[in-house]
Chemist: 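Quick one: structure below, then a few questions.
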Amino acid sequence: MHQHLNQLITDYANISTSTIGHVLDHGYLPQIHAINPVQHVVGKVRTVILDSINAMNLRQALLDSQPQDILVIDARALKHRACWGEQRHRAAIFHQLAAIVILGNVTDVDALKNMKVPIFAQSVSCLTTRNQGDSIVHFDQVIEFEGTCISSGDLMIGDADGVFILNPSIACQHLEKFKSMELMEQQKRDHFFLQHQRRDYYHIV
C-alpha cells in the first residue's frame, strides 16, 4: 500500500486540480484556497481534528508526521478562530511537510504569503487559539467535509485553483483518463502557439 501511494504521488505530479474537476465532484474541498504562492503539490494525508481553543497538542501532529506528509486539520469547531500562523508554519517547514490544509482559518497572513511549503485554508482571522483549558486534538480520524470523507492515507492534490482529496482507489481508477486529458490540453496549447505569438497572450518574464 505504501509503495502504491508513493507511485500515485509521482503519477499525479502533473495532474492539475482543474483537470480532476472536469471529471469528479467528490473529493473537492469548496472554499479552501491557497494562502501562499502555490505551483502544484501532491502528498499523503494525515488527518487532525482540533476541538479546543487550546491548540498546543497540534505539536504532536508535527512530531509524528513523516517528511512529505500533508496535514489536514479540521478546525471548524473554533468557528472564526485561527489555529495556524507563522510559528506553526515554521515548524511544518522544519519537519519537511509537503503542505498544510486548514479547514478553518489562519493568521499571520503577510508572513505566510512569503513562506515555503504550500498552505491552504478557508479564511484569515486575527482571533486566535490560546493557552486556555485542555488541548483536545484527535489524530487519524475520518473528517467529513462538504460531502467528502477525508482519511489518513488519502491522496491530496492542490494548486492555485484549489484542493482535491481522493481515496487512493479512486485516484488509481481515474489516473489514465486524467493523463490523457492533460496530454490533449498540452497538444492544443502547443498547436495554438505554432500559429500565434505567446507574448500577445501572456506576460513574458
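Throughout, numbering of the chain's residues begins at 1 and tracks the sequence.
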Chemist: Where the side chain of Thr47 meets the backbone of Gln141, is there a donor-acceptor pair that is under 3.5 Å apart?
Modeler: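 Checked: pair present.
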
Chemist: Quick one: does Leu50's side chain get under 4.5 Å of Ser52's, heavy atoms only?
Modeler: yes

Chemist: Quick check: do Ile32 and Phe145 have side-chain heavy atoms less than 4.5 Å from each other?
Modeler: yes

Chemist: Restricting to non-hydrogen atoms, name the atom on Ile119 and the atom on His89 that form the minimum distance, rounded to 0.1 Å.
Modeler: CB-CE1, 3.7 Å

Chemist: Could you pull out the closest heavy-atom pair between Arg81 and Thr129, with the gap in Å?
Modeler: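 Result for this residue pair: CG-N, 3.7 Å.
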
Chemist: Tell me, do Phe120 and Val38 make a side-chain contact under 4.5 Å, heavy atoms counted?
Modeler: yes

Chemist: Strictly by modelled atom types, are Asp140 and Ser152 linked by a side-chain donor-acceptor pair under 3.5 Å?
Modeler: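 Yes - a donor-acceptor pair under 3.5 Å links their side chains.
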
Chemist: Fit a plane to each ring of Tyr202 and Phe193, take the angle between them on a 0 to 90° scale, and name the class: parallel (under 30°), tilted (30 to 60°) or perpendicular (over 60°).
Modeler: tilted

Chemist: Would you indicate whether the side-chain heavy atoms of Ile136 and Asn54 approach each other to under 4.5 Å?
Modeler: no

Chemist: Would you confirm whether Arg88, through its side chain, and Cys83, through its main-chain N or O, come within 3.5 Å as a donor-acceptor pair?
Modeler: yes

Chemist: Look at the side chain of Asp159 and the backbone N and O of His40, then say whether any donor-acceptor pair between them is shorter than 3.5 Å.
Modeler: no

Chemist: Should the heavy atoms of other residues, nucleotides or ligands under 6.0 Å from NE2 of His191 be counted, would the total exceed 12?
Modeler: no

Chemist: Hey, is CG on Asp25 packed in by over 12 heavy atoms from elsewhere, all under 6.0 Å?
Modeler: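 It does not: Asp25 CG has 12 such atoms or fewer within range.
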
Chemist: Nearest 0.5 angstrom please: Ile143 CD1 to Thr148 OG1, how far?
Modeler: 11.5 Å

Chemist: Any donor-acceptor pair under 3.5 Å linking the side-chain atoms of Ser16 with those of Glu182?
Modeler: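 There is such a pair (donor and acceptor under 3.5 Å, judged by atom type) between the side chains of Glu182 and Ser16.
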
Chemist: Is it true that Asp69 and Arg46 make a salt bridge, defined as a side-chain N closer than 4.0 Å to a carboxylate O?
Modeler: no

Chemist: Which distance, rounded to the nearest 0.5 Å, do you find between the CG of Leu183 and the CZ of Phe178?
Modeler: 15.0 Å

Chemist: Counting neighbours of CG on Asp64 that are heavy atoms of other residues, nucleotides or ligands and sit closer than 6.0 Å, is the number greater than 12?
Modeler: yes

Chemist: With rounding to the nearest 0.5 angstrom, report the CZ to CG distance, Phe164 to Leu155.
Modeler: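 Between Phe164 CZ and Leu155 CG, I get 12.0 Å after rounding to 0.5 Å.
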
Chemist: Identify the heavy atoms of Leu71 and Ser65 that sit nearest to each other, and give their distance.
Modeler: CD2-OG, 3.4 Å

Chemist: Can you measure from OH (Tyr12) to OG1 (Thr19) and round to the nearest 0.5 angstrom?
Modeler: 10.5 Å

Chemist: Has Asp154 got a side-chain atom pairing as donor or acceptor with Lys44's backbone, closer than 3.5 angstrom?
Modeler: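 Between the backbone of Lys44 and the side chain of Asp154 there is no qualifying donor-acceptor contact (under 3.5 Å).
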
Chemist: His22 side chain to Thr17 main-chain N or O, any donor-acceptor pair under 3.5 Å?
Modeler: no

Chemist: Does Arg189, at its CZ atom, have more than 12 non-hydrogen atoms belonging to other residues, nucleotides or ligands within less than 6.0 Å?
Modeler: yes

Chemist: CG of Asp51 to CG of Asp134: how many Å apart, nearest 0.5 Å?
Modeler: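 It is 12.0 Å, given to the nearest 0.5 Å.
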
Chemist: How close do Val101 and Met156 get, heavy atom to heavy atom, and via which atoms?
Modeler: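 Closest approach of Val101 to Met156, heavy atoms only: CG2-CE, 3.7 Å.
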
Chemist: Can a donor-acceptor pair be found between the side chains of Asn167 and Ser169 at a distance below 3.5 Å?
Modeler: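 Yes, Ser169 and Asn167 have a side-chain donor paired with an acceptor closer than 3.5 Å.
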
Chemist: For the atom pair CD (Gln68) and CG (Leu97), what is the distance rounded to the nearest 0.5 Å?
Modeler: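 Gln68 atom CD to Leu97 atom CG measures 8.0 Å (nearest 0.5 Å).
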
Chemist: For Ile93 and Met115, run side chain to side chain contact (heavy atoms under 4.5 Å, CB included): C-alpha distance rounded to whole Å, both residues' side-chain angles, the deciding distance at 0.1 Å, then the answer.
Modeler: CA-CA 9 Å; Ile93 295 167; Met115 295 179 76; 4.0 Å; yes

Chemist: Is there a side-chain contact between Leu112 and Asn114 in this structure, where contact means two heavy atoms from C-beta onward sitting under 4.5 Å apart?
Modeler: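 The answer is no, as the side chains (C-beta and beyond) never meet within the 4.5 Å cut-off.
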
Chemist: Compare every heavy atom of His33 with every heavy atom of Gln122, then report the nearest pair and how far apart it is.
Modeler: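 Residues Gln122 and His33, closest heavy atoms: O-CD2, 4.2 Å.
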
Chemist: Ile49 versus Val137: any side-chain heavy-atom pair under 4.5 Å?
Modeler: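 Not touching, per the 4.5 Å side-chain cut-off.
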
Chemist: Considering all heavy atoms of both residues, which atom of Ala98 and which atom of Ile70 are nearest to each other, and what is their separation?
Modeler: CB-CG1, 3.8 Å

Chemist: Is the shortest heavy-atom distance from the side chain of Val124 to the side chain of Thr107 under 4.5 Å?
Modeler: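 With C-beta onward as the side chain, the pair stays apart.
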
Chemist: Between Tyr28 and Glu146, is any pair of side-chain heavy atoms under 4.5 Å apart?
Modeler: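 A side-chain contact is absent here, since even the closest heavy-atom pair is not under 4.5 Å.
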
Chemist: Do we see a donor-acceptor contact under 3.5 Å between the side chains of Gln87 and Arg90?
Modeler: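 Arg90 and Gln87 do not have a side-chain donor-acceptor pair below 3.5 Å.
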
